[in-house]
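Note that the structure is a prediction, hence the values are computed from the model and not measured.
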Amino acid sequence: MSNLLIFASPQPHGALAKLCAHVTAGAQASGQTVEHFDVGSQPIPPLQTDATGALVAPPARLTALQAKLAAAQTVVLATPVYLFEMDAQL
């Protein structure tokens, strides 16, 4: 089984990173693969339009994420909670 873990914390060694390590270890122990995609330390820029209002080609990182989302059987969104809200990167 293919899993995608999207990590959205700006703190790469914080509590959320430790939790994600446990999730990854558990999935791998049961024979599953886990791919990590970090949007916390490497944010994806927003989509943009040109002067006519047409969408500019999306950044390569967004295209890569779309392909990984389409291929994954399970997606885990790992985000810290700030004042009862998800991280802005998600």
Side-chain angles (χ1 to χ4, degrees):
M1 180 182 240
S2 147
N3 301 288
L4 176 63
L5 190 148
I6 301 175
F7 182 76
S9 175
Q11 299 178 2
H13 304 292
L16 187 61
K18 292 176 185 173
L19 179 62
C20 290
H22 285 287
V23 169
T24 299
Q28 290 174 339
S30 65
Q32 300 177 27
T33 61
V34 180
E35 184 168 0
H36 290 230
F37 196 89
D38 186 355
V39 296
S41 64
Q42 300 173 355
I44 296 173
L47 294 176
Q48 297 185 7
T49 57
D50 61 15
T52 66
L55 278 176
V56 176
R61 214 165 128 66
L62 177 58
T63 305
L65 177 58
Q66 289 171 328
K68 291 175 189 211
L69 283 167
Q73 293 175 321
T74 304
V75 177
V76 177
L77 300 176
T79 178
V81 177
Y82 300 110
L83 301 173
F84 308 103
E85 299 284 334
M86 286 180 26
D87 185 77
Q89 296 305 322
L90 289 180

- Task: Consider only side-chain heavy atoms of I, L, V, M, F, W and Y, link residues closer than 4.5 Å, and tell whether Leu4 and Phe7 are in one cluster.
- Result: no
- Task: Treating Ile, Leu, Val, Met, Phe, Trp and Tyr as nodes and any side-chain heavy-atom pair under 4.5 angstrom as an edge, say whether Leu62 and Ile6 lie in one connected cluster.
- Result: yes
- Message: Going by side chain to side chain donor-acceptor pair (under 3.5 Å), name the residues that satisfy it together with Thr49, two or more places apart in sequence or in a different chain.
- Response: none
- Do Leu77 and Val81 share a hydrophobic cluster, counting only Ile, Leu, Val, Met, Phe, Trp and Tyr and linking them when any side-chain heavy atoms are less than 4.5 Å apart? no
- Can you hop from Leu69 to Val76 via hydrophobic side chains spaced under 4.5 Å? no
- Step through the shown structure and confirm whether more than 12 heavy atoms of other residues, nucleotides or ligands are within 6.0 Å of CD on Gln11. no
- Task: Using the rule that two of Ile, Leu, Val, Met, Phe, Trp, Tyr join whenever any of their side-chain heavy atoms come within less than 4.5 Å, decide whether Ile44 and Val75 are in one cluster.
- Result: yes
- Message: On a heavy-atom basis, which atom in Pro59 and which in Pro45 lie closest, and how many Å separate them?
- Response: CG-CG, 3.6 Å
- Task: Write down the atom of Ser2, the atom of Ala72, and the distance for their closest heavy-atom approach.
- Result: OG-CA, 3.5 Å
Distance-only criterion, 3.5 Å: show the donor-acceptor pairs between side-chain atoms of residues 23-38 and protein atoms not counting sequence neighbours.
{"from": "Thr24", "atom 1": "OG1", "to": "Cys20", "atom 2": "O", "distance (Å)": "2.9"}
{"from": "Thr24", "atom 1": "OG1", "to": "His36", "atom 2": "NE2", "distance (Å)": "2.9"}
{"from": "Ser30", "atom 1": "OG", "to": "Ala27", "atom 2": "O", "distance (Å)": "2.9"}
{"from": "Ser30", "atom 1": "OG", "to": "Gln32", "atom 2": "NE2", "distance (Å)": "3.4"}
{"from": "Gln32", "atom 1": "OE1", "to": "Asn3", "atom 2": "ND2", "distance (Å)": "2.7"}
{"from": "Thr33", "atom 1": "OG1", "to": "Met1", "atom 2": "O", "distance (Å)": "3.4"}
{"from": "Glu35", "atom 1": "OE2", "to": "Lys68", "atom 2": "NZ", "distance (Å)": "2.6"}
{"from": "Asp38", "atom 1": "OD1", "to": "Gly40", "atom 2": "N", "distance (Å)": "2.8"}
{"from": "Asp38", "atom 1": "OD1", "to": "Ser41", "atom 2": "N", "distance (Å)": "3.1"}
{"from": "Asp38", "atom 1": "OD2", "to": "Ser41", "atom 2": "OG", "distance (Å)": "2.6"}

- Query: For Gln48, does the CD atom have more than 12 heavy-atom neighbours from other residues, nucleotides or ligands under 6.0 Å away?
  - Reply: no
